[in-house]
Amino acid sequence: MATVSKTGTGRSDAIAVDNFQGVFNVGLFIALTGSATFNIEVTSDDPTSASPTNWFTVSGLTGLTAGSAISLTVPCNAVSINVTGGAGTV
């Protein structure tokens, strides 16, 4: 289990995920303190060789303004929080 957070606008560190699962499924538990608008984004870039530059939004995980528990089923190499507005902590 990995934990990452981001306060204020910008991107959090990337969290590498196990993309070699037979059926890809990653549980995300999102907590928000204060007020912020954010996206959960994924990349197919290798997060261990360099800082990923190609981030993609996932349908239903954009413009979030509250905490949530979700299951990510889109195969990817890493997940990140992108805070697009507000000063809260995600």
With a 4.5 Å limit on heavy-atom distance, are the side chains of [X] and [Y] in contact?
X   : Y   : answer
L72 : L61 : yes
P47 : N77 : yes
I40 : I81 : yes
T43 : S80 : no
I30 : F38 : yes

Distance-minimising heavy-atom pair for [X] and [Y]:
X   : Y   : value
S5  : S12 : O-CB, 4.0 Å
V26 : F24 : CG2-CZ, 3.6 Å
S68 : I70 : OG-CG2, 3.4 Å
A36 : V90 : CB-CG2, 4.3 Å
N19 : C76 : CB-O, 3.1 Å
E41 : R11 : OE1-NH2, 2.8 Å

Can W55 be reached from V79 by stepping across I, L, V, M, F, W or Y side chains whose heavy atoms are under 4.5 Å apart?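 Unlinked, V79 and W55 end up in two clusters.
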Between the side chain of N25 and the main-chain N/O of T73, is any donor-acceptor distance below 3.5 Å?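 Side chain of N25 to backbone of T73: no pair is present.
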Main chain of T37, side chain of T84: is a donor-acceptor contact present, judged purely on distance under 3.5 Å?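 Checking the backbone N and O of T37 against the side chain of T84, a donor-acceptor pair under 3.5 Å is found.
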Residues, nucleotides or ligands: over 12 heavy atoms within 6.0 Å of D13 CG: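 No, the 6.0 Å shell around CG holds no more than 12 heavy atoms from other groups.
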Hey, could you give me the CZ/CG distance between F56 and D45, rounded to the nearest 0.5 Å?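 Atom-to-atom, F56:CZ and D45:CG are 7.5 Å apart.
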